[in-house]
Amino acid sequence: MVEPLVLGIETSCDETGIGIVRGYTLLADAVASSVDEHARFGGVVPEVASRAHLEAMVPTMHRALSDAGVALSDVDAIAVTAGPGLAGALLVGVAAAKGYALAADKPVYGVNHLAAHVAVDTLEHGPLPEPAVALLVSGGHSSLLLVDDLSRDVVPLGSTIDDAAGEAFDKVARLLGLPFPGGPPIDRAAREGDPDAIAFPRGLTAAKDLAAHRFDFSFSGLKTAVARWVEARQRAGEPVPVGDVAAAFQEAVCDVLTAKALDACRARGVDTLVIGGGVAANSRLRALATERAGRYGITVRVPRPKLCTDNGAMVAALGARLVAAGVAPSRLDLPADSAMPLTTVNV
Amino acid sequence: MLVLVLDTATPAITAAVASVTDTVEVLAERVTVDARAHGELLAPSIDAVLHEAGATPPDLAAVVAGLGPGPFTGLRVGLVTAAALADTLDIPAYGVGTLDALGWAATGRVAATGRVLVATDARRREIYWAVYEDGKRLAGPAVDRPAELTLDVEAAVGDGALRYADVLGVPVRDMPRYPPAAGLAALAAPRVREKAPSEQLVPLYLRRPDAVEPGAPKAVTR
Ligand SMILES: [Zn+2]
């Protein structure tokens, strides 16, 4: 099947996403987010997310089918995020996928959320040159992957050893009195600030760390350094220069992410870097990655922000690759796996 | 009319196909007790009971699902599955209280059984409970610690009653232990017969999500 029509369901965190693709073409990308319900808690509350997924599932499905102008009976397969993610949230999506698959007599593919973040770029930039390196950064993950074959072979190169990059954005935003989620307000505040105003640490970049953690990340020390700096100002009774702190923090994160991602490309002789996940919507990350990659003749592919955050289209995009490659569907007893390893593209 | 019956509000994963005419007859039923595998086992169970009843999904006239109360994660598996099936097949979905199905089996079918406490396991040392007499609910549903209940009942039934038999202080009957498909189907049968409008399947959570609003950021320096 060259251009399979695939519907994708995503519920691993706080977005209920249903997307529909035909091959590399995006037909629908319906997302219902419960982010506003989590804002006052300063982070995603799993039970609140799971309840919202159950409520949003059927209406989101109707929107996706109507946007794409197709019926469920038309699709070739249903793909669903089986992991990694919040256990209870994943389970709603997986159970829904099975219900739809049973009712419409369709094959179901349980897929890896991270591989789907890579696959979504094919909807914007076409087939992915392989091998490619992928940098996936969001509130839940920060990983570098080597993608030899998106439908079969994804190799983890490194990941965060403490906080996810997006988590650091959320925590620093809170310190600065900015709303949750922290990514967009920090990006905005940073435009008014000087990224060189404060020298914040770059985790796992010292020579002694590189031996064991060349492609790993650490953002916990950075977050603490920002907190210390802000507290010192407050104790001294001085105003906190929000723009400067945001800009210097954002620069530290983007510096490490892009340096390590491009190091991975060069170490593996790869000339394509794909960036995905919610943090990929950060304007400085996109600009710095493109600027630095240009020096080494490496092409950076970042899908538009709407496709970077969690959605069903990414799941459908990966599903389409699996169907096109003739990969066998999952069994009806496929489990949701909150800790699904990166090496598992589908179950 | 063929009806698919589901309940995932207790450790039992129940799927059945029932025929609803003037009477209600369960044609095929699967009950698997595994508190951790609702997500895995429900869909294959549905597939199996349909096969056993010689039916395919397009033959179904309605889907009936137990609304709980029950531990949230498992409960949602049944409800989202039921909603997806009903929506795709363009047939109505009907919700039935899971305790009501147990209460129907414990007091509704046999006359003069007296007042019966129906209890399922709510985890955290609590039970979901309700009281029934002659098939009617007199109290509940609610969630409480079993030792804190003072109820005027003749007996107790259900998985939660068996688990806390020693603290309830009333005779506990072995059966029914899990929500029977026959009870779920019987309680939805009037709606099935009159082709009542489809219902949104809203879980009986009875508990709020565990979440606390954060205070001011904790200082990292002293
Ligand atoms: Zn994600």
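Chain letters run A, B, ... following the sequence lines, proteins first, then strands; residues in each count from 1.
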Side chain, backbone, both or neither: which part of P57(B) has a non-hydrogen atom closer than 4.5 Å to chain A?
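Side chain only.
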Relative to chain A, which segment of I46(B) carries a heavy atom at a distance below 4.5 Å: side chain, backbone, both, or neither?
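Just the side chain, heavy atoms under 4.5 Å.
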A103(A) versus L89(B), closest heavy-atom pair with distance:
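That closest heavy-atom pairing would be O-CD2, 3.7 Å.
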Where do A43(B) and L332(A) come nearest, in terms of heavy atoms and distance?
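What the structure gives for the nearest pair is CB-CG, 3.7 Å.
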Region of [X] that comes under 4.5 Å of a non-hydrogen atom in chain B:
X       : answer
A336(A) : neither
L334(A) : backbone
V92(A)  : both
R51(A)  : both

Should we count [atom1] of [X] as having more than 12 external heavy atoms under 6.0 Å?
X       : atom1 : result
R125(B) : CZ    : no
E238(A) : CD    : yes
R233(A) : CZ    : yes
D59(B)  : CG    : yes

At what distance, to the nearest 0.5 angstrom, does CG of D333(A) lie from CG of L42(B)?
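The distance works out to 12.0 Å.
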Can you tell me which of S50(A), A104(A), G88(A), A89(A) forms the most heavy-atom pairs within a distance under 4.5 Å of chain B?
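Top option by heavy-atom pairs under 4.5 Å: S50(A).
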Say whether, by atom type as modelled, one donor and one acceptor occur between the side chain of K98(A) and the main chain of P44(B) under 3.5 angstrom.
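Absent.
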N/O donor-acceptor pairs under 3.5 Å from side chains in residues 60-88 of chain B, not counting sequence neighbours:
unit_1 : atom_1 : unit_2  : atom_2 : d
R76(B) : NH1    : E47(A)  : OE2    : 3.0
R76(B) : NH1    : Y205(B) : OH     : 3.1
R76(B) : NH2    : E47(A)  : OE1    : 3.0
T81(B) : OG1    : V77(B)  : O      : 2.6
D87(B) : OD1    : H62(A)  : NE2    : 2.7
D87(B) : OD2    : H62(A)  : NE2    : 2.9
T88(B) : OG1    : A84(B)  : O      : 2.8

